Amino acid sequence: MSSLRKRVLVTGGAGFLGSHLCERLLRDGHDVLCVDNYFTGRKENIAHLLGNTRFEAMRHDITFPLYVEVDEIYNLACPASPVHYQFDPVQTTKTSVVGAINVLGIAKRVKAKVFQASTSEVYGDPTVHPQTEDYRGNVNPIGPRACYDEGKRCAETLFFDYHRQHKLRIKVVRIFNTYGPRMHPNDGRVVSNFIVQALLGEDISIYGDGSQTRAFCYVDDLIDGFIRMMGTSDDVVGPINLGNPVEITVLALAKEVVALTGSRSNIVFRPLPADDPRQRRPDISVANSVLDWSPTIALNQGLERTIAYFDALLRETGRPVIRHISI
Ligand code: NAD
Ligand code: UDP
């Protein structure tokens, strides 16, 4: 095997981000082993990769041990949408914590470099704005989001302890809200919800008054950040924020989606879920200087591509889309 061609394990590889990552790694010439239990991921996301002899898909729940020989591991397995991670919160914590232990165990045994998809949720409902990596967060440990937030925080702890104790080569990134094609149409996250609602002419559901903010990164930009992070020297371990620093209110996002789809949907207001962060925006100066990375795709461009994806998907499944989007 050439030193450039690596055997790479992607846990959660059939999910939204995982499928884009598998695609990118194959394009870069690597062998990819995608491991997924298909809880929120879909075989359709990776169907187009199955004919590639360098790609292999394995159904496996990462809370159980796994014995494989690889050079690098990207640990993405974990439901990311509040609706899905709150569906079975105990399994969510197990996936983050036991899953991390299993993945770190593989890395230790075969001396693989290991990457953790952590999250801006480790900052909870932040009191520091924008969020820098040294901010320690404001997480409610007993709230409905805790299974995800605390699970991911504990996974970071495990990564850094394996690094200090066992000298593992780790790479930890904290991902801020990312969107794009292959999000699940019933994923429950704000971008997919608004686009599907707009295309179907249904009410656009804003939780709360829509004044809460997020900053949305297009998937291709994020995956580029992953690859750059994995390619850094061993002394770069993170955590490093990855996200698009352009902040927008949820209400403004709804209006943008309505405008771009030409939808006649009404905007309606629903109760705000417990512990919903008021504001979120990444400080990406570390990613900028260490990875020479910053997002390149503006929100309207990324939304147009995502709208085109959902438009085609809804038509395939026979849903009555209100107008044809040609982008
Ligand atoms: P996703 O739900 O589409 O992907 C998660 C994948 O993990 C799915 O394919 C799912 O089936 C799989 N999975 C879940 N539990 C598993 C288990 N026990 N064993 C094996 N596979 C399992 O979500 P995503 O947006 O692609 O997120 C991927 C990773 O990135 C997650 O770890 C998430 O926490 C992190 N992240 C994503 C975002 C974002 O905005 N997309 C933000 C922060 C962090
Ligand atoms: N949200 C909304 N309507 C929806 C889905 C989400 O107003 O149909 C809000 C949600 O309350 C939050 C923001 O949009 O304030 C982002 O939600 P998402 O679930 O996408 O991710 P989060 O950043 O909260 O994990």
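Every number for a ligand or one of its atoms is a count from 1 in the order of the listing. Everything quoted here is computed from the prediction, not taken from an experiment.
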Starting from [atom], which protein heavy atom do you reach first, and at what distance in Å?
atom: atom 28 (C) of ligand 1; result: L76 O, 3.6 Å
atom: atom 9 (O) of ligand 1; result: D36 OD2, 2.5 Å
atom: atom 13 (N) of ligand 1; result: N37 OD1, 3.3 Å
atom: atom 8 (O) of ligand 2; result: N193 ND2, 2.8 Å
atom: atom 40 (O) of ligand 1; result: T178 N, 2.8 Å
atom: atom 10 (C) of ligand 1; result: T40 OG1, 3.2 Å
atom: atom 27 (O) of ligand 1; result: A80 CB, 3.7 Å

Could you say whether the N/O atoms of [X] and ligand 1 ever approach to under 3.5 Å?
X: D61; result: yes
X: D187; result: no
X: L17; result: yes
X: F16; result: yes
X: T63; result: no
X: I62; result: yes

contact_flag [X] ligand 1 heavy-atom lt 4.0 Å:
X: H84; answer: no
X: Q91; answer: yes
X: G99; answer: no
X: S120; answer: no
X: R174; answer: no
X: R42; answer: no
X: Y148; answer: yes
X: T11; answer: no

Requested in this report: Measure from NZ or CZ of R305 to the centre of the six-membered ring of Y218 and say whether it is under 6.0 Å with the direction within 45° of the ring axis.
Outcome: yes
Find all atoms of ligand 2 within a distance of less than 4.0 Å from any non-hydrogen atom belonging to [X], and give their numbers and elements.
X: I206; result: 7 (O)
X: N177; result: 21 (O), 22 (P), 23 (O)
X: V250; result: 7 (O), 13 (C), 14 (O)
X: R145; result: 22 (P), 24 (O), 25 (O)
X: P82; result: 19 (O), 25 (O)
X: D276; result: 10 (C), 11 (O), 12 (C), 15 (O)

Query raised in the report: Considering residues at least two apart in sequence or located in another chain, which fulfil the ring-ring contact (aromatic ring centres under 6.0 Å, His included) criterion with F160?
Result: none
Nearest heavy atom to [atom] wins, so pick from [options].
atom: atom 42 (C) of ligand 1; options: V10, I175, V219, N45; result: I175
atom: atom 7 (O) of ligand 2; options: Y207, Y85, F176; result: Y207
atom: atom 5 (C) of ligand 1; options: C78, G180, P79, S118; result: C78
atom: atom 39 (C) of ligand 1; options: H60, R189, R214, R182; result: R189

For [X], is the nearest heavy atom under 4.0 Å from an atom of ligand 2?
X: S81; result: no
X: R280; result: yes
X: Q197; result: no
X: G188; result: yes

Requested in this report: Give the contacting part of V190 toward ligand 2: side chain, backbone, both or neither, where contact means a heavy-atom distance below 4.0 Å.
Outcome: both
Query raised in the report: Under a 4.0 Å heavy-atom limit, does S205 contact ligand 2 with its side chain, its backbone, both, or neither?
Result: both
**Report entry** Flag if over 12 foreign heavy atoms under 6.0 Å of CZ, R109
**Finding:** yes
Query raised in the report: Do other residues, nucleotides or ligands put more than 12 heavy atoms under 6.0 Å from F269 CZ?
Result: yes
**Report entry** Residue from L33, D31, L50 passing side-chain contact (heavy atoms from CB on, under 4.5 Å) with E56
**Finding:** L33
Query - side chain to side chain donor-acceptor pair (under 3.5 Å) assessment of T127 paired with N138 - result: CA-CA 7 Å; T127 53; N138 177 34; 5.4 Å; no
Within a distance under 4.0 Å of any heavy atom of [X], pick out the atoms of ligand 1 and give their elements.
X: A77; answer: 7 (O), 20 (C), 21 (N), 22 (C)
X: A14; answer: 9 (O)
X: G41; answer: 8 (C), 9 (O), 10 (C), 11 (O)
X: K152; answer: 31 (C), 32 (O), 33 (C), 34 (O)
X: Y38; answer: 11 (O)
X: G15; answer: 3 (O), 4 (O), 8 (C), 9 (O)
X: N177; answer: 40 (O)
X: G12; answer: 6 (C), 7 (O), 9 (O), 12 (C)

Query raised in the report: Using a distance-only test with no angle check, is there a side-chain donor-acceptor pair under 3.5 angstrom linking H48 and E23?
Result: yes
Requested in this report: Kindly compute the distance separating CG (D311) from CG (L199), expressed to the nearest 0.5 Å.
Outcome: 5.5 Å
**Report entry** Separation of L21 CG from M230 CE (nearest 0.5 Å)
**Finding:** 8.5 Å
**Report entry** Qualifying residues under side chain to side chain contact (heavy atoms under 4.5 Å, CB included), relative to T92, sequence neighbours excluded
**Finding:** C78, P79, Y85, C147, Y148
Just say parallel, tilted or perpendicular for the rings of [X] and [Y], cut-offs at 30° and 60°.
X: Y74; Y: F115; answer: tilted
X: F16; Y: H20; answer: perpendicular
X: Y123; Y: Y135; answer: parallel

Query raised in the report: Short N/O distance, under 3.5 Å, between R189 and ligand 2?
Result: no
Query raised in the report: Can any side-chain N or O of R174 pair as donor or acceptor with the backbone N or O of E133 at less than 3.5 Å?
Result: yes
